[in-house]
Amino acid sequence: GLFEFVTGFVGIRAAKKHSLLKPYVYLCAFMVVVNLAETAHTFMNGGGSVYMYLVYAATAFAGIVFASRAMKNEGVN
């Protein structure tokens, strides 16, 4: 919850301040890893729904793709 909020806040700020795009990509990448690990953990324990974690991971991955494109267009390293 809180980590997703912080990542979203950084993403909103990165829309206007392009120097925050790289930290946003790192935060999104961490969210992808955590959500995929949570999906695997749920599968290993044999119960529960994994769709929420997969949607979070897909959304974070989309954030990585679009932020990377914005970094490429703006020339931010």
Side-chain angles (χ1 to χ4, degrees):
L2 180 62
F3 188 73
E4 284 87 0
F5 178 77
V6 170
T7 303
F9 186 75
V10 171
I12 291 169
R13 299 242 345 189
K16 291 191 176 213
K17 188 174 181 183
H18 296 291
S19 63
L20 291 175
L21 284 171
K22 191 174 280 191
Y24 177 68
V25 168
Y26 292 144
L27 289 171
C28 284
F30 183 72
M31 281 183 54
V32 168
V33 170
V34 167
N35 284 304
L36 291 178
E38 192 65 36
T39 301
H41 182 268
T42 303
F43 272 131
M44 295 292 191
N45 289 336
S49 176
V50 297
Y51 297 111
M52 179 180 65
Y53 301 119
L54 293 175
V55 168
Y56 286 157
T59 304
F61 184 74
I64 292 170
V65 169
F66 290 122
S68 297
R69 286 182 183 175
M71 285 172 43
K72 183 179 176 184
N73 288 340
E74 293 295 322
V76 177
N77 291 327

(request) Could you grab the distance from atom CG of Asn35 to atom CZ of Phe30, nearest 0.5 Å is fine? (result) 10.0 Å

(message) Do Val55 and Met52 land in one hydrophobic cluster if side-chain heavy atoms of ILVMFWY residues count as linked below 4.5 Å?
(response) no

(message) Please find the pair of heavy atoms, one from Val32 and one from Ala60, that lie closest to each other, and give the distance.
(response) CG2-CB, 3.6 Å

(message) Would a single hydrophobic cluster contain both Phe61 and Leu21, if residues Ile, Leu, Val, Met, Phe, Trp and Tyr are joined by side-chain heavy-atom contacts under 4.5 Å?
(response) yes

(message) Using 0.5 Å steps for rounding, measure from the CG atom of Leu2 to the OG1 atom of Thr7.
(response) 9.0 Å

(message) Would the distance check show the side chain of Glu4 and the main-chain N or O of Gly1 forming a donor-acceptor pair, the cut-off being under 3.5 Å?
(response) yes

(request) Might you point out which heavy atoms bring Tyr24 and Ala67 nearest each other, and give the distance in Å? (result) CD2-CB, 3.8 Å

(message) Are Val25 and Tyr56 connected into the same hydrophobic cluster when the rule is that any two of I, L, V, M, F, W, Y join if their side-chain heavy atoms are below 4.5 Å apart?
(response) no

(request) Share the residues that join Phe9 in a hydrophobic cluster, the rule being Ile, Leu, Val, Met, Phe, Trp or Tyr side chains under 4.5 Å apart at the heavy-atom level. (result) none

(request) List the atom of Lys22, the atom of Met71, and the distance in Å for their closest heavy-atom pair. (result) N-SD, 3.9 Å

(request) Following the transitive rule for hydrophobic clusters with a side-chain heavy-atom cut-off under 4.5 Å over Ile, Leu, Val, Met, Phe, Trp and Tyr, establish whether Ile12 and Ile64 coincide in one cluster. (result) no

(request) Tell me whether Val33 is reachable from Tyr53 by hopping between hydrophobic residues (I, L, V, M, F, W, Y) whose side-chain heavy atoms are closer than 4.5 Å. (result) no

